[in-house]
Structure formats: structure tokens, C-alpha cells
Amino acid sequence: MRPTVFVNKFFFAQDAIQQLPQLLKPLQNPVILIDVNLKNQIPHIVHDSFKNDSIIYIDTSYEPTVEYVDKIVADLRTKNSVDGVFGMGGGSTLDFAKAVSNLLTNPGSAADYQGWDLVKQKGIFKVGIPTLSGTGAETSRTCVLMNKAKNLKLGMNSEFSVFDCLILDSKLSKSVPKDQFFYTAMDTYIHCVESLRGSFRHAIADALSIQALDLCREVFESDNLMSEENREKIMTASFFGGCAIANSYVGVVHPFSAGLSMVFGTRHCVGNCIVMNVMDDFYPEESKKFREYVKKHNITLPTGMAKSLSPEQKEKIYAATVCHEKPLVNALGNNYKDTLTPSRVVEIFERM
Ligand code: ZN
């Protein structure tokens, strides 16, 4: 049995970003990875606290790949010994920072550590600064990476992937586009639904998921989706959701979303929403509620992307979906492949 590891410490307040100098004090050569989309809206304190060549912009137009992580790590290995890795952005950037921190103390390539408990040594001191909440990446024990050579989307699932510290400042999510905010917040909602509807039970994970789900519902049912109060609620829900997932599993939505990622490069959170839209067979109530929320907040949801798959794509998308054994067993039982036959899986994708 493995122990549950939570984030050691965190600052949770508006303007918590001002605590940055305090965290940097003991460090000699920290670096910060920032989502390139934030380039023009980085708080002054970040520029004041890091040397220019210690700010690394991460291209997040695709989910992080093992090759991209390896490239950044190779660059950092040539620098003075890095003693702190900060990640600022959404789930992808946070996952990126976790992977980089792990690889700076463990030899080899990111692909060597995709799986459960393969990381041998604690990584470099790492701090997460989410600017968008919902993935739970800030508190989870994994960092999800794409491995195209293996047609696999899998994380470094390890207690060493947990951040040492977080700066949770809801002001940082103020200028996020509404659709993006919705998709990402919905990730927490979906995690919790999948976890609570699954067969694998854990009392603490359940309690955290129930609380997170309540917060999500309050936000989705309110009129002003991105009010200050709601941004703080989603930040809290995401935190709980990430903690819960350490002791629970997702279900049917995430594997299908991973299939979309592998074949179309769809981003995680919008992918989950595309899938949730057609999950009436598995999560009828929640799927219906989801569509109500989309309508209420006037969210644009991509549709029809998997309408006409080629035979090769069908094969690939099926394999990239059903390979997620743990969540699918959690949702559908050991014989999940009897339910998710190739033709049924393809039919579900075609409905999206
Ligand atoms: Zn997710």
C-alpha cells in the first residue's frame, strides 16, 4: 500500500503572488516555466524576482510531450545547477514543471517514468502557481505527458510528482477567456463525477469529491460564471479534486478524451467537455446537466470532429481509449471491453 501525499504548504489568498520573494530567498538558481500565452500579463513581481534567462516560456498549443520535456531538461542540465522549478499557468504548464523537476534528479528521459511509482528520487524543489483552475494538477501526484511513439497519454504517477508548495491567487485567473474557464472548471466536475460513480471507494477521496462537486455546481448554476467569488470557489474545488484523485480513479470520460488527444491533438479539458456531451449511456444525469450549463453560460463546444474517421484512425482511437484499464475497470468492471467493443467506441466518437 502506498501512502497518500499532499502538498506540503500553500498560500491561498488574493495577491498571494506577493509571497514569491519569500519562497525564492533560500534558492540560488531557480527557474520559472510560464505558459507562453501569459507573456504579456505576467505580474511585475515575477519579472522582479527571476533573472531574464531563468524565465522559460512553454508552448501550450499541444499537451506536453515527452520529447518537449526532454528538450527543456537538456537545456537546464547545461545551466548552473537549478535548485528550484516554478510552474505558472494551467494544468499543462504545472505538469510540465513537475516533470522537469523530477528529471533534474533522475537520469534518462521523461518516457522512462510514465507509469506508477517509477521515479526513484525526489525532484528539485517545485512550486505551482495556477493561473487557471480545474485540472487538479496543483495537488495531484501525477504529470500527464503525451508519448506519440507509444500512442500513449500517461503521467509520471509518483509521490515525487507532488508540488512542495503552491501559490493560490485567484486574481491570476481574472483574464482567462470564458470558454477556457468553463472547460477547465468542468475538468474538476468530471473527475468527481467519474470518481463517485466508479466502483473503487475511498472515504477521504469521496468526501473531497463531494465537496468539490458542490462547489462546481454552485459556480455553474450561478449567473456570473467568472465572478471573483466563483474563481475562488473553482480554485478550491480544483484543489480538493486533485487531492481526491490520489485515492480514486476517473471513469469513462477521461479515456475517451485521451483518445481525442492522441488522434486529433485535442486539449485535455475541452476534450473532456466534447466527450461529456455524449455520455448519456454512462452518466445520464450529469451529461444532461452538463448541456444545461453549456447553454446557460453560452459556451462554444466543438462538435463533429470525429464524424468520419478513416480505418486507421478508428483503430488508433480505439487503442488509445481502451488502454486506460484502471479508470475503465473502475467505471465498467473487469470485462469493460465487452461493453466498449470497437464498433461501440467508434460510434460514440462519431456522435461527438
Ligand atoms: Zn482531467
Side-chain angles (χ1 to χ4, degrees), residues 35 60 62-64 87 89-99 114 128 130-146 152-157 161-163 176 179-198 200 205 208-209 212-213 215-216 219-220 234-262 264-279 282-283 286-287 290 293 301-302 320-321 323-328 330-331 352:
D35 181 337
T60 56
Y62 297 96
E63 305 265 289
S92 292
T93 313
L94 297 183
D95 278 359
F96 213 104
K98 294 198 239 183
Q114 286 183 290
T131 58
L132 181 60
S133 296
T135 65
E138 64 277 33
T139 44
S140 74
R141 70 190 301 280
T142 191
C143 45
V144 181
L145 304 173
M146 307 272 284
L152 188 72
K153 182 178 176 180
L154 187 62
M156 294 182 187
N157 205 312
S161 296
V162 178
F163 278 114
V176 172
D179 284 355
Q180 183 74 36
F181 181 87
F182 180 91
Y183 303 149
T184 313
M186 197 41 90
D187 196 17
T188 292
Y189 177 89
I190 292 171
H191 280 160
C192 296
V193 165
E194 288 176 293
S195 161
L196 291 168
R197 292 264 183 240
F200 184 86
L208 290 164
S209 296
L213 207 47
L215 287 164
C216 289
V219 170
F220 292 132
I234 288 297
M235 191 164 251
T236 309
S238 178
F239 183 99
F240 286 159
C243 291
I245 215 76
N247 286 303
S248 65
Y249 292 105
V250 287
V252 183
V253 181
H254 275 73
F256 274 82
S257 175
L260 286 177
S261 288
M262 291 312 303
F264 300 105
T266 312
R267 305 297 318 274
H268 180 78
C269 298
V270 68
N272 285 344
C273 289
I274 294 169
V275 176
M276 197 59 181
N277 197 26
V278 299
M279 281 287 112
F282 305 103
Y283 308 110
E286 292 85 356
S287 196
F290 166 81
Y293 296 149
L301 190 67
T321 302
C323 68
H324 295 270
E325 200 179 309
K326 284 183 185 171
L328 291 172
N330 178 45
M352 295 172 193

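Counting starts at 1 for both ligands and their atoms, following the listed order.
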Asker: Short question: side chain of D95, backbone of V144 - any donor-acceptor pair under 3.5 Å?
Answerer: yes

Asker: If the Zn ion (ligand 1) is the vertex, what is the angle to OD2 of D187 and NE2 of H268, rounded to 10 degrees?
Answerer: 80°

Asker: Once the angle between the rings of F220 and Y189 is folded into 0 to 90°, is it parallel (under 30°), tilted (30 to 60°) or perpendicular (over 60°)?
Answerer: perpendicular

Asker: Is the F200 ring parallel, tilted or perpendicular to the Y249 ring (thresholds 30°, 60°)?
Answerer: perpendicular

Asker: Looking at the Zn ion (ligand 1), is there an N, O or S atom belonging to H254 that lies under 2.8 Å away from it?
Answerer: yes

Asker: With respect to the Zn ion (ligand 1), what is the nearest N, O or S atom of H191?
Answerer: NE2

Asker: If only atom types and distance count, is the side chain of K98 paired as donor or acceptor with the main-chain N or O of S140 below 3.5 Å?
Answerer: yes

